[in-house]
Novice: 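This is the structure I want to talk about, given as structure tokens.
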Amino acid sequence: MELKLAFIGMGNVGRAFARLLDARRCELAGQHGITWVVTGIATARHGCSISEEGLDLLDAVHRIESGQNINALDRGEPVSDPAEAIDRCNADILFETTPLSAADGQPAISYISRALLRRISVVTANKGPVAYGYPELRRLAAGRGVMFRFEGAVMDGCPVFNLAQFCLPGARILSFAGVLNSTTNLILTGMEDGRSMEDSLADAQRLGIVEADPVNDLDGWDAAIKALALANVLLSIDEPASLAHRTGIRELKAEDMTSALAEGDVIRLVARAQVLSGRATITVKPERVPRSSALGCVRGTSNVLIMKTDLMGEIGVIENDPGIAQTAYALLSDMIVIHDALTRSHGR
Ligand SMILES: NC(=O)c1ccc[n+]([C@@H]2O[C@H](COP(=O)([O-])OP(=O)(O)OC[C@H]3O[C@@H](n4cnc5c(N)ncnc54)[C@H](OP(=O)(O)O)[C@@H]3O)[C@@H](O)[C@H]2O)c1
């Protein structure tokens, strides 16, 4: 089936995904029966363009990387803003990769709602809409007979949402605990090795993994928003999850690390979710955990999520040294899931 694809945001994630799509063109056609055409691309400062015949995706990537505008792409028609691009792109799938708004998930939630209302399925790598808008967006997608998918929003391409949806039929996830923020984990493991918090933060910044405002990492906001997104989806509660407590790592001292290590423990920034009185509640704080435990053994930028279930006991997933390639894969995996659903619904 030929998919019409549109993009809101063409930054690090969007461009990595564009390159992956191009590199996997033959496999997608041969193994999945997927061909694709790009009918819209919208950015904040690099212009917006739509086309019925199809835009040259890699040309758009090159133009953006060289600081040019995409309004003049071959076969493209410039449009005034992302909202108009959504309204006129006539896409099957919109890929939403705009920056996180830690306060309210906007404008991504508006973009996603707008697309779903037009019966366009949406894939996002942005955790904001899943943390702050999930119940409404899920209802909207279901009501319009389209899909809202977000595997890349937490732990990049590591299957956490897909694991729950496709691999645990009949089982319920009751609670979870995870080390979800790469920057703080790199800092904490750096401090275990004797580096200062400042030097370890500089290491993380050199790797390009720190949020634009490091406070979002250091004060636990990134971990909290990821945990809210996970809880909204995994814990099967209709009400949005709420944040009960959040402490970051800024108050930790080298002595805290050495005294934990002396007793076989380490300190990790742990996000926990449980259901209390019918509501999913999140806490994020530094915890002392055994060095050999599932939470304690992840080092550097690696992440872990441990889920307690009713029928499968405890299960966990670890993602070692994630990078942008894994996030791009998340978008690809969501695209294939949507394609397969569209193919079934069209009876092909
Ligand atoms: N980077 C990662 O490793 C990673 C991993 C997992 C998830 N994520 C999530 O993926 C999303 C994208 O991350 P990124 O690193 O690709 O960000 P980025 O490099 O900053 O790119 C953001 C893109 O969105 C566009 N944009 C910004 N504000 C917009 C608006 N109001 N309306 C329309 N477009 C807008 C920007 O346009 P201009 O180019 O014109 O500025 C740019 O193309 C974020 O939500 C992030 O949290 C990122």
Side-chain angles (χ1 to χ4, degrees), residues 6-20 40-50 57 60-71 78-87 89 94-115 122-133 149-158 160-161 180-183 186 204-205 207-214 216-217 221-226 228-230 301-303 319 321-334:
F7 296 79
I8 301 292
M10 191 49 78
N12 296 308
V13 171
R15 296 196 303 273
F17 176 56
R19 291 200 164 92
L20 179 62
I41 304 174
T43 70
R45 298 165 298 136
H46 294 90
C48 305
S49 194
I50 59 166
L57 184 57
V61 166
H62 294 143
R63 284 177 192 235
I64 289 168
E65 285 177 342
S66 57
Q68 297 173 57
N69 198 288
I70 57 166
N71 286 348
V79 288
S80 58
D81 57 27
E84 189 185 353
I86 294 170
D87 290 347
C89 66
L94 177 80
F95 294 93
E96 192 286 318
T97 59
T98 66
L100 167 71
S101 157
D104 58 8
Q106 292 291 6
I109 292 176
S110 304
Y111 291 149
I112 293 170
S113 309
R114 197 172 190 109
V122 175
V123 172
T124 186
N126 184 344
K127 52 200 162 277
V130 194
Y132 295 118
R149 303 198 66 81
F150 34 75
E151 188 57 73
V154 180
M155 290 178 75
D156 311 287
C158 187
V160 288
F161 299 112
L180 303 174
N181 178 261
S182 294
T183 297
L186 189 79
Q205 282 169 323
L207 286 177
I209 60 169
V210 182
E211 288 280 320
D213 183 352
N216 283 336
D217 291 310
W221 283 111
D222 177 80
I225 294 167
K226 285 174 173 162
L228 285 169
L230 285 171
T301 59
S302 300
N303 293 166
E319 182 180 38
D321 294 330
I324 201 85
Q326 281 72 31
T327 309
Y329 169 68
L331 301 186
L332 186 80
S333 71
D334 282 339

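Just follow the structure's listing: the first ligand is 1, and inside any ligand the first atom is 1. For the single chain, residues carry numbers from 1 onward in sequence order. Computed from a predicted structure; not experimentally measured. All values below were derived from every heavy atom in this structure, side-chain atoms included, with hydrogens, water molecules and symmetry-related copies excluded.
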Novice: Identify the closest protein heavy atom to atom 27 (C) of ligand 1: which residue and atom is it, and at what distance?
Specialist: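 Minimum-distance protein heavy atom for atom 27 (C) of ligand 1 reads Pro99 CD, 3.2 Å.
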Novice: Please write down residue, atom name and distance for the protein heavy atom closest to atom 30 (C) of ligand 1.
Specialist: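 Looking only at protein heavy atoms, the one closest to atom 30 (C) of ligand 1 is Tyr111 OH, 3.6 Å.
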Novice: Tell me which protein heavy atom sits closest to atom 13 (O) of ligand 1, plus the residue, atom name and distance to 0.1 Å.
Specialist: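 Heavy-atom neighbour on the protein nearest atom 13 (O) of ligand 1: Val13 CG2, 3.7 Å.
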Novice: Under 4.0 Å from a heavy atom of Asp156: which atoms of ligand 1 are those, numbered in the order shown and with their elements?
Specialist: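 Numbered from 1, ligand 1 contributes 5 (C), 6 (C).
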Novice: With only distance considered, is Thr98 within less than 3.5 Å of ligand 1 through an N or O on each side?
Specialist: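 Among all N and O atoms of Thr98, at least one is under 3.5 Å from an N or O of ligand 1.
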Novice: Any idea which atoms of ligand 1 are less than 4.0 Å away from a heavy-atom of Gly9?
Specialist: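 It comes down to these atoms of ligand 1: 23 (C), 24 (O), 25 (C), 43 (O).
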Novice: Would a distance-only check, ignoring hydrogens and angles, find a side-chain to backbone donor-acceptor pair under 3.5 Å from Thr124 to Glu96?
Specialist: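 Answer holds: yes.
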Novice: Give yes or no for whether the N/O distance cutoff of 3.5 Å, strictly under, is met between Gly152 and ligand 1.
Specialist: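 Looking only at distances, the answer is no, because the N/O contact criterion of under 3.5 Å is not met.
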Novice: Which heavy atom in Pro322 sits nearest to a heavy atom in Gln326, and how many Å separate them?
Specialist: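 Where Pro322 meets Gln326 most closely, the heavy atoms are C-OE1, 3.7 Å.
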Novice: Under 3.5 Å, side chain of Asn71 to main-chain N/O of Cys48, donor-acceptor pair present?
Specialist: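 Yes; judged by distance alone, with no hydrogens or angles, the pair exists.
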Novice: Does an N or O from Ala44, backbone or side chain, lie closer than 3.5 Å to an N or O of ligand 1?
Specialist: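 Min N/O separation from ligand 1 is below 3.5 Å for Ala44.
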Novice: Considering only heavy atoms of Asn126, which atoms of ligand 1 have at least one such atom less than 4.0 Å away?
Specialist: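 So the atoms of ligand 1 that pass are 45 (O).
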Novice: Looking only at protein heavy atoms, identify the closest one to atom 41 (O) of ligand 1 and say how far it is in Å.
Specialist: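 Going by distance alone, atom 41 (O) of ligand 1 is nearest to Arg45 NH2, 2.8 Å.
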Novice: At what distance, to the nearest 0.5 angstrom, does CG of Asn181 lie from NZ of Lys226?
Specialist: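 Answer for the CG-NZ pair, Asn181 versus Lys226, is 5.5 Å.
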Novice: Indicate yes or no for a side-chain donor-acceptor contact from Ser302 to the backbone of Asp321 under 3.5 Å, with no hydrogens or angles considered.
Specialist: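 Yes: the side chain of Ser302 pairs with the backbone of Asp321.
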Novice: Taking 4.0 Å as the limit for heavy-atom contacts, which would you say applies to Pro82 with ligand 1: side chain only, backbone only, both, or neither?
Specialist: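 Just the side chain.
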Novice: Classify the contact between Ile64 and ligand 1 as side chain, backbone, both or neither, using a heavy-atom distance cut-off of under 4.0 Å.
Specialist: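 It is neither; nothing of Ile64 touches ligand 1.
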Novice: Please could you name the atoms of ligand 1 that Met10 approaches to less than 4.0 Å, counting only its heavy atoms?
Specialist: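 In order of number, 23 (C), 42 (C), 43 (O).
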Novice: What atoms of ligand 1 come within less than 4.0 Å of a heavy atom belonging to Lys127?
Specialist: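 Under 4.0 Å from Lys127, ligand 1 has these atoms: 47 (O).
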Novice: Could you identify the single nearest non-hydrogen protein atom to atom 21 (O) of ligand 1 and state the distance to 0.1 Å?
Specialist: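 I find the closest protein heavy atom is Gly11 CA, 3.2 Å.
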Novice: Please state which protein non-hydrogen atom is closest to atom 38 (P) of ligand 1 and give its distance, to 0.1 Å?
Specialist: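 Heavy-atom neighbour on the protein nearest atom 38 (P) of ligand 1: His46 ND1, 3.4 Å.
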Novice: Please state which protein non-hydrogen atom is closest to atom 7 (C) of ligand 1 and give its distance, to 0.1 Å?
Specialist: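 For atom 7 (C) of ligand 1, the nearest protein heavy atom is Ala125 O, 3.2 Å.
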Novice: Do Phe150 and Pro129 come close enough that some side-chain heavy atom pair is under 4.5 Å?
Specialist: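 Of all side-chain heavy-atom pairs linking Pro129 with Phe150, none is under 4.5 Å.
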Novice: To the nearest 0.5 Å, what is the distance between CD1 (Ile41) and CG (Leu57)?
Specialist: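 Here the interatomic distance stands at 5.5 Å.
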Novice: Would you give the length of the straight line joining atom OG1 of Thr183 to atom CG of Leu207, rounded to the nearest 0.5 angstrom?
Specialist: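 Answer rounded to 0.5 Å: 9.0 Å.
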Novice: At what distance is the nearest protein heavy atom to atom 15 (O) of ligand 1, and which residue and atom is it?
Specialist: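 Minimum-distance protein heavy atom for atom 15 (O) of ligand 1 reads Asn12 ND2, 3.4 Å.
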Novice: Ignoring hydrogens and angles, tell me if any N or O in the side chain of Glu84 forms a donor-acceptor pair with the backbone of Ser80 under 3.5 Å.
Specialist: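 Yes.
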Novice: Looking only at atom types and distance, does a side-chain atom of Glu151 sit under 3.5 Å from a main-chain N or O of Val160, one as donor and one as acceptor?
Specialist: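 Yes: the side chain of Glu151 pairs with the backbone of Val160.
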Novice: Assess the residue pair Val154 and Phe161 against the criterion (side chain to side chain contact (heavy atoms under 4.5 Å, CB included)); give the C-alpha distance rounded to whole Å, side-chain angles, the decisive distance to 0.1 Å, and a yes or no.
Specialist: CA-CA 9 Å; Val154 180; Phe161 299 112; 3.9 Å; yes
Novice: Any sub-3.5 Å donor-acceptor pair from Glu65's side-chain atoms to His62's backbone N or O?
Specialist: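 Side chain of Glu65 to backbone of His62: no pair is present.
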Novice: Could an N or O of ligand 1 be found under 3.5 Å from any N or O of Pro107, whether backbone or side chain?
Specialist: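 Checking ligand 1 against Pro107, no N or O pair falls under 3.5 Å apart.
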Novice: Take every heavy atom of Gln326, measure it against each atom of ligand 1, and state whether any distance is under 4.0 Å.
Specialist: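 So Gln326 does not count as touching ligand 1.
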Novice: State the atoms of ligand 1, each with its element, that fall below the 4.0 Å cut-off from a heavy-atom position in Ile324.
Specialist: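 Every atom of ligand 1 under 4.0 Å from some heavy atom of Ile324: 1 (N), 2 (C), 3 (O).
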Novice: Between ligand 1 and Thr327, can you find any atom pair, the residue atom being a heavy atom, that is separated by under 4.0 Å?
Specialist: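 Thr327 counts as a contact of ligand 1 under the 4.0 Å cut-off.
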Novice: Rounded to the nearest 0.5 Å, how far does NZ of Lys127 lie from CG of Asp222?
Specialist: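 Separation between the atoms: 4.5 Å.
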